[in-house]
Amino acid sequence: MSIYMDNAETKPLSPSVIVDICRNIDNYGNPSGLYQLGYDAKNIIEDARRKVAKAINAEPEQIFFTSGATESNNWVCSMYDYVCAEKYEHHSITNQPNFLDVNEYDNYLGRGYLMGKNILFSRMLVNNEIGFIDDDVLRGVGVPHSDLTQAIGNIPVDVKALNIDYGSFSAHKFHGLKGVGVLYVKDPTSSDFKPYHYGGQQEFNLRAGTENVIGISAMGVAIEEATSHIEQKQAHCKMLRERFLSNLNNYGLDYIVNGENLPHVDSILSISFKNQDSQAMLVQLDMTSICASSGSACNSGDSEPSETLKYLNVPKEYINGTLRFSFSLDNTIDEVDYVCYNINRIIKGGN
């Protein structure tokens, strides 16, 4: 059986979510149908909408179900002339054709390029590679959009306190199903808020397409569970993180913790080992049934160091040896010890 320490990438379905899926598996009604099966399906969706809204201190009418945070991010970006953000944001932001590096904003503004343009400012609340928390978003400075994907279930999320206009996240990051997500919209009646999918009248006439009833219902269960166990998860992950680093120190390994001095969640631990190759290490870890990553899977296959690591100025002798371990309540001390033992064995060339 695998030791799974890539929870920032995706998480297994929780037992409660599996029960909910089984309960709804035979409810095949179309939520738009004008008969009892349809009404039942529609009620399931609206119940989940209320659960999601409550979990982030929003109103149900501010919650729009999508296929995931990538679609939610694309939806928001499609309404603006420019999307201004750091280069280490998720690729669904930085790969937009209208992306503008925030460090170039003053230059563009001074040259008059942004005159009369509608600009979106976007920032992740919790970085998906390092786990650092964006202080500016937490201070409620009015960043219009925040990708909340890694924040849900790791820290309390209150969209009113954050003072954001839009928020995005995916269910599979907190033990829900893949292919389901949310776009939070502060003012869905605004004339600036435009549809992304055209067709039927689903999602208040703003996101067409027959809804994923099972996935949406499961998301409601998952987010209730995730947000009710935040303190327990924080304490557990802090304990695992401290044990992990203590083990590495006891083995005498040469490493740095990325973003160590920044506010961070304890469930994500990014470590760079001196003069190592992260891809080779991951292959050897996989041979011992350990699942980890070198960062976000969205960067997999890219030989260039990620923008996040560049932003943190990770030294060149460490940057290629970067591994990300991300914990959940299911991980144990014994698993941490086993992983660290194998890291030491791999680096020192033991059997």
Side-chain angles (χ1 to χ4, degrees), residues 7-24 31 41-73 75 90 124-126 128 131 133 137-138 145-162 164 166-186 188 203-204 207 211-234 236-237 265 267-268 326-330:
N7 288 279
E9 192 49 50
T10 193
K11 289 182 174 66
L13 300 178
S14 73
S16 299
V17 165
I18 293 172
V19 168
D20 188 73
I21 291 170
C22 293
R23 182 169 57 243
N24 291 318
K42 184 66 173 176
N43 287 336
I44 290 171
I45 290 173
E46 296 312 312
D47 180 58
R49 198 186 309 275
R50 287 188 290 270
K51 290 176 180 176
V52 171
K54 182 180 179 181
I56 62 172
N57 194 26
E59 302 302 323
E61 59 270 21
Q62 296 175 310
I63 302 300
F64 294 82
F65 292 115
T66 67
S67 64
T70 289
E71 182 194 327
S72 299
N73 289 345
W75 188 350
H90 191 269
M124 270 189 285
L125 181 52
V126 175
N128 58 330
I133 303 169
V137 180
L138 275 183
H145 171 256
S146 181
D147 189 326
L148 307 171
T149 301
Q150 293 293 345
I152 303 293
N154 280 316
I155 59 174
V157 174
D158 182 333
V159 292
K160 291 184 174 67
L162 289 172
I164 54 176
Y166 304 99
S168 312
F169 53 92
S170 294
H172 72 101
K173 301 292 188 176
F174 47 88
H175 299 286
L177 284 164
K178 297 174 181 65
V180 188
V182 160
L183 175 64
Y184 156 79
V185 183
K186 183 177 182 180
E203 293 303 291
F204 311 107
R207 201 271 187 181
E211 301 94 336
N212 179 352
V213 179
I214 291 176
I216 290 171
S217 178
M219 185 182 202
V221 171
I223 201 168
E224 269 193 332
E225 199 169 43
T227 54
S228 64
H229 293 114
I230 288 178
E231 289 185 5
Q232 180 186 357
K233 182 180 179 182
Q234 287 175 332
H236 184 71
C237 290
V265 296
S267 58
I268 299 177
S326 43
F327 314 120
S328 77
L329 281 168
D330 296 327

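Computed from a predicted model, the values in this text were never measured in an experiment.
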Main-chain N/O of K173 paired to S170 side chain as donor or acceptor, under 3.5 Å: no
Verdict with supporting geometry, T149 and M124, side-chain contact (heavy atoms from CB on, under 4.5 Å): CA-CA 8 Å; T149 301; M124 270 189 285; over 6 Å; no
CA sep, side-chain torsions, deciding dist, call: E211, S217, side-chain contact (heavy atoms from CB on, under 4.5 Å): CA-CA 11 Å; E211 301 94 336; S217 178; over 6 Å; no
Minimal non-hydrogen separation, E203 against F64, with atom names: OE1-CA, 3.4 Å
Distance, nearest 0.5 Å, that separates CG of L125 from CG of D147: 9.0 Å
Rounded distance [0.5 Å steps], OG1 in T10 versus NE2 in H172: 5.0 Å
Sub-4.5 Å side-chain heavy-atom contact between K233 and S267: yes
Donor-acceptor pair, side chain of S168 and main chain of A69, under 3.5 angstrom: no
Residues R50, E224: salt bridge by 4.0 Å N-O rule: no
Donor-acceptor contact below 3.5 Å, side chain K160 vs main chain N57: yes
Spatial distance of atom NZ (K186) from atom CD1 (I164) [nearest 0.5 Å]: 9.5 Å
Atom pair CG/OH of L148 and Y166 - distance to nearest 0.5 Å: 14.0 Å
Any V213 side-chain heavy atom under 4.5 Å of I45 side chain: yes
Nearest atoms (heavy-atom pairs only) where V185 meets P188: O-CD, 3.5 Å
L177 CG to I21 CD1 distance, which is reported to the nearest 0.5 Å: 4.0 Å
Pairwise side-chain contact, V265 with C237, heavy-atom cut-off 4.5 Å (strictly under): no
Side chain H175, main chain L13, donor-acceptor under 3.5 Å: no
pair L183-E71: side-chain heavy atoms closer than 4.5 Å: no
Straight-line distance of Q234 CD to L329 CG, nearest 0.5 Å: 10.5 Å
Polar side-chain atom of Q62 near backbone of E59 as donor-acceptor pair, under 3.5 Å: yes
Check: Q150 side chain, A8 main-chain N or O, donor-acceptor pair, under 3.5 Å: yes
Closest heavy-atom pair and its distance - F174, A222: O-CB, 3.5 Å
Any donor-acceptor pair under 3.5 Å from R49 side chain to I63 backbone: yes
Close side-chain approach of V52 and I216, heavy atoms under 4.5 Å: no
Candidate pair F65 and V182, rule side-chain contact (heavy atoms from CB on, under 4.5 Å), full reasoning: CA-CA 5 Å; F65 292 115; V182 160; 3.9 Å; yes
Minimum side-chain heavy-atom gap P156-E231 below 4.5 Å: no
H229 side chain vs E225 backbone, donor-acceptor pair below 3.5 Å: yes
Heavy atoms of other groups near K42 NZ, more than 12 under 6.0 Å: yes
L162 and V157: CA distance, side-chain angles, deciding distance, side-chain contact (heavy atoms from CB on, under 4.5 Å) verdict: CA-CA 8 Å; L162 289 172; V157 174; 4.1 Å; yes
Whether N24 side chain and I214 backbone form a donor-acceptor pair below 3.5 Å: no
K54 vs I223 side-chain heavy atoms within contact, under 4.5 Å: no
